[in-house]
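The sequence lines fix the lettering, A, B, ..., with proteins before strands; numbering per chain opens at 1.
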Number of protein chains: 2
Amino acid sequence: MMTINTRRSIRKYSGKEVGDELLNRLLTEAARTQTMGNMQLYSVVVTRSEEMKAKLAPAHFNQPMVTEAPVVLTVCADFNRASSWCRCRKAEPGYDNFLSFMNAATDALLYTQTFCNLAEEEGLGLCFLGTTVYMPQMIIDTLKLPQLVMPVATITLGWPAEEPPMSDRLPLESFVHDETYHDYSPADIDRYYGPKEALEENKEFVRINNKETLAQVYADIRYTKKDNEAMSAGMMEALKKQGFIQ
Amino acid sequence: MMTINTRRSIRKYSGKEVGDELLNRLLTEAARTQTMGNMQLYSVVVTRSEEMKAKLAPAHFNQPMVTEAPVVLTVCADFNRASSWCRCRKAEPGYDNFLSFMNAATDALLYTQTFCNLAEEEGLGLCFLGTTVYMPQMIIDTLKLPQLVMPVATITLGWPAEEPPMSDRLPLESFVHDETYHDYSPADIDRYYGPKEALEENKEFVRINNKETLAQVYADIRYTKKDNEAMSAGMMEALKKQGFIQ
């Protein structure tokens, strides 16, 4: 898995198809990932049709990868299948609650990441769309997800047609804590975030956004309190409609 | 990453230490995993001391791996560090909401799974403890997690001292959907779950639990509605105390 050391998100794909045989092998292998009680509380909806990609795009702010990638995968937390199994077997399922959503979302996200690791090792390029949880109801409606199924991850997948620079990372000591959590002093923040803020691309990012600091670009423009609160309400509403919150 | 095809969870570890150099290399490499806006919204608390393992064990139902593994990793959704960064840089963070918890939990779980894949490729054995979200307040108190930090995954890690049989998996067609979600008929359930139910170990599992079906063992004993609802309330309470729900 040496590819991890050179990985970057890929947003431009060549015209070459991702064959069913390869895709199915990767989807099968990823299922070796551990899950809660070996219940595999996830489902994957595979989107290849132009029509369905166009319908999904608005939920992802019309990022061009959604319509341009040969394959879009929507990975869902799924307690519907396990609950159907229970009902077919004289058992009363009790999974219409928030903990069960977290259990299934965990299974789905771990599965997703093994899939990503495997796909990148195969030379495929992909982009993980965090937008999946922003307006989940649009995705639920488009993919016809029933109760107890909730989208938690989207992957756009194809053969790379770009080789973007690798993005920076925080140093190990900034996110690893020895025995107990040690909170961050202003000096720690300077030490850990200084190199990121000093990157020419980030300085440019601050300039074009007319801000004073990189953190302001994040807090005031990219991920604002107002948007986060509106989308939190939307997600809670979707969790209720899908039956995970009463 | 061919190890994925033979992976199993490992619950018994040899006395051999997991060196700091190896652990730190794996924790560093795993951080190449994509995160929201490259913010790396996670922290890892490394537990090596016997005293801290003993304190963590009850939160994980005293499963023996917690005290027997040389290393226990608790991976947390962390918006505290990014918020501290904002406050040190004249920006007002807006991450005290449910969507931000989901964003950070996603980052944390994807990071965790890349770490697991890298560690297993290195020959290490590990067990993912789903119990992390069952009684999170005990873990929060033990590891002294501040506001906007929430444990979402625990890994017990060491060199394998067992080689358990591989567990079964559902067939690919049971969890992959073409273009839209297709709900499960009773015939689908029979086809997908029949092989699992026919396994000798699962038949034995039904017998020793005095149940009629495997699904009843799950719904009536292992993961009950009553427990799920109580733990859902506990998790919501912890999310409120940690500042992710107002």
Next on the checklist: I need the residue from K211(A), M231(A), M36(A), M52(A) with the largest number of non-hydrogen atom pairs under 4.5 Å to chain B.
Outcome noted: M36(A)

Checklist outcome for this item: Ranked by heavy-atom pairs below 4.5 Å to chain B, first place among L27(A), T106(A), D178(A), L170(A) goes to L170(A)

Checklist entry - N103(B), T112(B), V149(B), V152(B): which one forms the most heavy-atom pairs within less than 4.5 Å of chain A? => result V149(B)

Checklist outcome for this item: Applying a strict 4.5 Å limit to non-hydrogen atoms, the region of M102(A) in contact with chain B is side chain

Checklist entry - Most heavy-atom pairs under 4.5 angstrom with chain B, which of K144(A), H177(A), R169(A)? => result R169(A)

Checklist outcome for this item: Greatest number of non-hydrogen atom pairs under 4.5 angstrom with chain A, of T213(B), I189(B), D78(B), falls to I189(B)

Item to check | Among the listed options N228(B), L56(B), T47(B), the residue most often paired with chain A at heavy-atom distances under 4.5 Å | outcome: N228(B)

Next on the checklist: Please rank P93(A), S83(A), A91(A), A153(A) by heavy-atom pairs under 4.5 Å with chain B and give me the top one.
Outcome noted: A91(A)

Checklist outcome for this item: Cut-off 4.5 Å, heavy atoms of chain A, and the answer for Y111(B) is side chain

Next on the checklist: Tell me whether E179(A) contacts the main-chain N or O of S49(B) through its side chain, where contact means a donor paired with an acceptor under 3.5 Å.
Outcome noted: yes

Next on the checklist: Heavy-atom cut-off 4.5 Å, strictly under: side chain, backbone, both or neither for F101(A) against chain B?
Outcome noted: side chain

Next on the checklist: side chain to side chain contact (heavy atoms under 4.5 Å, CB included), that's the test. Do L126(B) and T156(B) meet it? Break it down for me.
Outcome noted: CA-CA 5 Å; L126(B) 57 88; T156(B) 56; 5.8 Å; no

Checklist entry - Do K225(A) and E229(A) meet the salt-bridge criterion of a basic N to acidic O distance under 4.0 Å? => result yes

Checklist outcome for this item: So, the part of D188(A) with a heavy atom under 4.5 Å from chain B: the answer is neither

Next on the checklist: Does any backbone or side-chain atom of Y218(A) lie under 4.5 Å from a heavy atom of chain B? Answer side chain, backbone, both or neither.
Outcome noted: both

Next on the checklist: Under 6.0 Å between ring centres: does that hold for F98(A) and F244(A)?
Outcome noted: no

Item to check | Leading residue by heavy atom contact count with chain A [cutoff under 4.5 Å; candidates S43(B), A31(B), A219(B), A30(B)] | outcome: S43(B)

Next on the checklist: I need the residue from L143(B), V217(B), L110(B) with the largest number of non-hydrogen atom pairs under 4.5 Å to chain A.
Outcome noted: L110(B)

Item to check | Per-residue contact mode, K196(A) against chain B (heavy atom under 4.5 angstrom) | outcome: side chain

Checklist entry - Among C88(A), G130(A), A82(A), which has the most heavy-atom pairs under 4.5 Å with chain B? => result C88(A)

Item to check | Which residues share a ring pair (Phe, Tyr, Trp, His ring centres under 6.0 Å) with Y134(A), sequence neighbours left out | outcome: F61(A)

Checklist entry - So what's closer than 4.5 Å to chain B heavy atoms on L214(A): side chain, backbone, both or neither? => result both

Item to check | Distance-only donor-acceptor check, side chains Q34(A) and Q113(B), under 3.5 Å | outcome: yes

Checklist outcome for this item: Given D227(B), D183(B), I245(B), the one with more heavy-atom pairs under 4.5 angstrom with chain A than any other is D183(B)

Checklist entry - What part of R222(B) gets closer than 4.5 Å to chain A, counting heavy atoms only: side chain, backbone, both or neither? => result side chain

Checklist entry - Any side-chain heavy-atom pair from L99(B) and V133(A) closer than 4.5 angstrom? => result yes

Item to check | Residue pairs passing the salt bridge (Lys or Arg N to Asp or Glu O under 4.0 Å) test where at least one lies in residues 105-119 of chain A, sequence neighbours excluded | outcome: none

Checklist entry - With a 4.5 angstrom heavy-atom cut-off, which part of E212(A) approaches chain B: side chain, backbone, both or neither? => result side chain

Checklist entry - Among D168(A), L145(A), T142(A), T224(A), which has the most heavy-atom pairs under 4.5 Å with chain B? => result D168(A)

Item to check | Plane angle bin for Y193(A) and W85(B) - parallel if under 30°, tilted between 30 and 60°, otherwise perpendicular | outcome: parallel

Next on the checklist: Is it true that T114(B) and N117(B) share a donor-acceptor pair across their side chains at a distance under 3.5 Å?
Outcome noted: no

Item to check | Which atoms of L239(A) approach chain B - backbone, side chain, both or neither, heavy atom under 4.5 Å | outcome: side chain

Checklist entry - Does a salt bridge link R89(A) with E197(B), judged by any charged N lying under 4.0 Å from a carboxylate O? => result yes

Checklist entry - Hey, mind stepping through V44(A) and F115(A) against side chain to side chain contact (heavy atoms under 4.5 Å, CB included) and telling me if it holds? => result CA-CA 11 Å; V44(A) 185; F115(A) 176 85; over 6 Å; no

Checklist entry - Between Y184(B) and Y192(B), what is the ring plane arrangement, given parallel below 30°, perpendicular above 60°, and tilted in between? => result perpendicular

Checklist outcome for this item: Under 4.5 Å to a heavy atom of chain A? For T28(B) that would be both

Checklist entry - What do the steps show when you test R25(A) against E122(A) for salt bridge (Lys or Arg N to Asp or Glu O under 4.0 Å), and what is the final call? => result CA-CA 11 Å; R25(A) 175 166 65 77; E122(A) 205 66 43; 3.1 Å; yes

